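Keep in mind it's a predicted model, so treat the numbers as computed, not measured. Letters A, B, ... mirror the listed sequences (proteins, then strands); counts begin at 1.
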Amino acid sequence: MENKTFGQKMDEFLMKDNTFILLFMGAAAAIFAGTYMYLNFNTGAFNDISIVAMLREGLDGGDYAAAAGFAAGFLIARILEGPLVGLLDIGGSLQTGVGIGIPALMLSMGFNLPFSNFFTALLTGAIIGLVISGIIMIIRKVVPDGVAVGGTSIMMGAGNATGRYLAPLIIVAACQYNVYTGIGAIVGSAIFYKWGKEITGGAILGAMIFGGIFL
Amino acid sequence: MLEIIIYSAIIGIIGGGCIAAGAARMFHAPEIQAMGAFRTLGELNACNGDPIAHFSFGLGFFFSAAASTVAAGALSQDVMHRIVPNWSAAILLVKNPKPEETLQNPRKMMLAGAVVGGVLLVFLNTMARLIPEKLSLIASEVLTPATGWLLNPVMPAIFWLAAIDAGKVTGLWGTILGGVSALITGNAVPGIVLGILIGKSAEENGYKSKIVQVLIAIVVVMFIAIAYFRGFFGNF
């Protein structure tokens with residue numbers, strides 16, 4: 001018993017149910033700090049363009065309702081679902097909830113302290129992680145089996161469908177902006193489509209490359 | 001620039017390590033609480049034990065993540081969902097081809113995930129900063145209208161139709177809360193998302209269930225609070 005190596009102790013520790021709290025805190029701290037990076041350096045938000053755009057809308061226009069409300073829906077759903085199935089979805093809970101929704105909520109209330117520097121952001125993220133994972137572990141222990149929160153698959157389906165709409169919208173926007181970006185977006189998306197890659201990336205890269213050369 | 005490199009490394013090491021350990025725990029759920037996604041679990045299983053499969057699967061998403069980072073500063077959800085778990089698995093499986101001792105071991109995945117996360121984040125974030133200002137201006141000029149249309153009215157329409165197609169109860173909740181949300185916040189999506197949540201839960205558990213009652217209470221309080229703070233009641 002006393003002859004365990006450090007690695008074995010670590011293995012045991014990481015296989016304990018409650019260690020989830022620590023792992024979740026770390027992940028939440030990183031993702032919240034990622035949003036801090038996005039606010040200060042315009043890069044590093046852990047989410048897709050379409051969802052980050054909601055936060056952008058708040059930053060530019062001061063209206064955070066869409067970001068906060070949308071993300072709160074996913075966060076609540078995942079917190080209720082995660083402990084019941086034993087697998088928490090990091091997309092809805094962490095990346096959208098902690099990364100977009102909670103920052104949007106804080107900024108809409110004028111609570112800027114967490115974003116004053118990198119380390120307050122990390123710390124705030126860890127505290128948020130502690131609270132959420134605490135709730136999750138309580139639900140896991142209290143709620144009886146067989147009770148399920150429904151609708152997450154519908155929300156996921158609609159969320160994934162949203163991403164698909166972005167590519168055609170980008171091509172249309174590129175065509176309206178300028179003839180060169182338009183041609184670039186068309187060429188880029190056609191190539192990416194042929195390759196079987198995400199068309200969105202091809203449309204943006206094509207518009208940027210053609211625009212960069214000819215504008 | 002140094003700031004970005006250091007911060008990105010810290011974020012990547014902490015986040016990548018924790019997410020990869022959470023992903024390894026997926027193979028031991030529901031006995032212990034894991035985090036990740038069902039689709040990630042399925043994808044990890046699909047590449048079972050082959051480091052090349054794991055690596056190339058992650059690589060495909062790496063390119064789209066890089067494009068989205070350069071264009072809008074959005075790393076995409078795939079960084080944590082797919083690239084970190086799959087590349088960590090690939091690194092471990094090269095040395096030891098047994099998934100039970102590598103991919104499914106939270107400690108090893110944590111170490112590999114921290115390395116992958118740190119390198120990946122530094123790379124993506126510095127690359128986004130290195131592209132010329134003219135190019136990022138073009139990207140934002142093209143992306144701003146596109147994402148604006150997406151937020152309103154494309155997303156409300158998609159979510160609304162999804163709610164309606166999910167049955168009468170869900171459709172009704174989605175329609176009412178979506179409409180209320182459009183009135184109060186200007187965007188219907190938050191309301192429809194919550195409507196789907198309440199409607200489906202009510203359908204599965206009945207209105208007597210505690211979860212449904214708690215959900216309805218949270219949503220009502222939330223909308224009243226938002227309406228109050230946005231001065232909605234002054235419109236009458």
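- Interface residue B/Ser64: only side-chain heavy atoms are found under 4.5 Å from chain A.
- A donor-acceptor contact shorter than 3.5 Å links the side chain of B/Lys134 to the backbone of A/Leu215.
- Atom CZ in B/Arg129 sits 7.0 Å away from atom CG in A/Asn42 (nearest 0.5 Å).
- If you measure heavy-atom distances from A/Ile204 to chain B, the contacts under 4.5 Å come from the side chain alone.
- For A/Pro168, no part lies under 4.5 angstrom from a heavy atom of chain B.
- Under the 4.5 Å side-chain criterion, counting only non-hydrogen atoms from C-beta, A/Thr162 is not in contact with B/Val154.
- Contact tally against chain A (heavy-atom pairs below 4.5 Å) for B/Glu31, B/Met222, B/Glu141: the top residue is B/Glu141.
- Here the CD1 atom belonging to A/Ile31 is positioned 9.0 Å from the CD atom belonging to B/Gln77, to the nearest 0.5 angstrom.
- Within a 6.0 Å radius of OH in B/Tyr207, other residues, nucleotides and ligands contribute more than 12 heavy atoms.
- Between chain A and the options B/Pro30, B/Ala166, B/Gly36, the largest number of non-hydrogen pairs under 4.5 Å is found for B/Gly36.
- Residues A/Gly211 and B/Ile138 approach most closely at C-CD1, 3.4 Å, considering heavy atoms.
- Neither the backbone nor the side chain of B/Leu161 comes within less than 4.5 Å of any heavy atom in chain A.
- For chain A, the nearby parts of B/Asn125 are the backbone and the side chain; heavy atoms of each come within less than 4.5 Å.
- Here the closest heavy-atom approach between residue B/Cys18 and residue A/Ala27 is recorded as CB-N, 3.8 Å.
- Of the listed residues A/Cys175, A/Gly26, A/Gly201, the one with more heavy-atom pairs under 4.5 angstrom with chain B than any other is A/Gly26.
- By the neighbour-count criterion of 12 heavy atoms within 6.0 Å, atom CZ of A/Arg164 is sparsely surrounded, having that number or fewer from other residues, nucleotides or ligands.
- Residue-environment remark: CZ (B/Phe123) stays at or below the threshold of 12 foreign heavy atoms within 6.0 Å.
- A distance of 7.5 Å separates OG1 in B/Thr144 from CG in A/Asp60, rounded to the nearest 0.5 Å.
- Proximity to chain B (any heavy atom under 4.5 Å) is shown, for A/Ala33, by both the backbone and the side chain.
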_Could you walk me through whether A/Tyr165 and B/Met155 satisfy the side-chain contact (heavy atoms from CB on, under 4.5 Å) test, starting with their C-alpha distance in whole Å, then the side-chain angles of each, then the deciding distance to 0.1 Å, before giving a yes or no?_
CA-CA 9 Å; A/Tyr165 279 71; B/Met155 275 176 84; over 6 Å; no

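- Side chain of B/Asn187 to backbone of A/Ala66: no donor-acceptor contact under 3.5 angstrom is found.
- By number of non-hydrogen pairs under 4.5 angstrom with chain A, the leading residue of B/Ile218, B/Val193, B/Leu143 is B/Val193.
- When heavy atoms are compared at a cutoff of 4.5 Å, B/Leu150 approaches chain A by way of both its backbone and its side chain.
- Between chain B and the residues A/Gly34, A/Ala28, A/Gly82, A/Gly92, the largest count of heavy-atom pairs under 4.5 Å involves A/Gly82.
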_Verdict with reasoning, A/Ile90 to B/Met80, per side-chain contact (heavy atoms from CB on, under 4.5 Å)_ = CA-CA 8 Å; A/Ile90 56 173; B/Met80 288 301 185; 4.1 Å; yes

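- The CD1 atom of A/Ile76 lies 7.0 Å from the CG atom of B/Leu197; values are rounded to the nearest 0.5 Å.
- For a residue to count as touching a neighbouring chain, one of its non-hydrogen atoms must lie under 4.5 Å from one of that chain's; by this rule A/Phe192 does not touch chain B.
- Taking CG of A/Asp48 as the start and CG of B/Leu75 as the end, the distance is 10.0 Å to the nearest 0.5 Å.
- Interface remark: of the candidates A/Ile49, A/Ile170, A/Val52, A/Ile49 forms the most heavy-atom pairs closer than 4.5 Å to chain B.
- Taking CG from A/Asp11 and CE from B/Met110, the interatomic distance works out to 11.5 Å, rounded to the nearest 0.5 Å.
- For B/Leu41, the part lying under 4.5 angstrom from a heavy atom of chain A is the side chain only.
- Using bins of under 30°, 30° to 60° and over 60° for the plane-to-plane angle, the ring pair B/Tyr7/A/Phe119 lands in the perpendicular bin.
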*How far apart are the C-alpha atoms of A/Arg56 and B/Thr147, what are their side-chain angles, what is the distance that settles it, and do they pass the side-chain contact (heavy atoms from CB on, under 4.5 Å) test?*
CA-CA 10 Å; A/Arg56 188 82 253 168; B/Thr147 49; over 6 Å; no

*asked:* For a side-chain contact (heavy atoms from CB on, under 4.5 Å) check, start with the C-alpha distance between B/Ile11 and A/Phe46, then their side-chain angles and the critical distance, and finish with the verdict.
replied: CA-CA 11 Å; B/Ile11 292 176; A/Phe46 282 96; 3.7 Å; yes

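- Interface remark: B/Ile4 contributes backbone and side-chain atoms alike to the contact with chain A (heavy atom separation under 4.5 Å).
- Per-residue counts of heavy-atom pairs under 4.5 Å with chain A were compared for B/Gly15, B/Ala34, B/Ala67; the largest is that of B/Ala34.
- For the pair B/Trp149/A/Val172, a side-chain contact is recorded, criterion being any heavy-atom separation below 4.5 Å from C-beta on.
- Residues A/Pro83 and B/Gln33 approach most closely at CA-OE1, 3.4 Å, considering heavy atoms.
- Heavy-atom minimum distance, A/Ala173 versus B/Pro145: CB-CG, 3.9 Å.
- For chain A, the nearby parts of B/Phe38 are the backbone and the side chain; heavy atoms of each come within less than 4.5 Å.
- Contact of B/Ile184 with chain A is not made at all, since no heavy-atom distance falls under 4.5 Å.
- When all heavy atoms of A/Ala158 and B/Ile158 are compared, the pair lying nearest together is O-CG2, 3.8 Å.
- Between chain B and the residues A/Gly44, A/Gly73, A/Ala174, the largest count of heavy-atom pairs under 4.5 Å involves A/Gly44.
- Counting only residues at least two apart or on different chains, no side-chain hydrogen bond (donor to acceptor under 3.5 Å, both in side chains) pair has a member in residues 169-182 of chain A.
- In this structure, chain A has a heavy atom under 4.5 Å from the side chain of B/Glu3, while its backbone stays farther away.
- No side-chain donor-acceptor contact under 3.5 Å links B/Arg107 to the backbone of A/Lys9.
- If you measure heavy-atom distances from B/Leu135 to chain A, the contacts under 4.5 Å come from both the backbone and the side chain.
- Per-residue counts of heavy-atom pairs under 4.5 Å with chain B were compared for A/Met37, A/Met155, A/Arg140; the largest is that of A/Arg140.
- Proximity to chain A is absent for every atom of B/Ile198, based on heavy atoms less than 4.5 angstrom apart.
- Among the candidates A/Leu87, A/Asp89, A/Thr96, the residue making the largest number of heavy-atom pairs closer than 4.5 Å to chain B is A/Leu87.
- For the options B/Ile226, B/Thr185, B/Ile196, heavy-atom pairs under 4.5 Å to chain A are most numerous at B/Ile196.
- For chain A, no part of B/Ile13 is nearby; none of its heavy atoms comes within less than 4.5 Å.
- The local environment of NZ in A/Lys141 is crowded, with over 12 non-hydrogen atoms from other residues, nucleotides or ligands closer than 6.0 Å.
- Interface remark: A/Met15 contributes backbone and side-chain atoms alike to the contact with chain B (heavy atom separation under 4.5 Å).
- Both the backbone and the side chain of B/Ser8 come within contact range of chain A, with heavy atoms under 4.5 Å apart.
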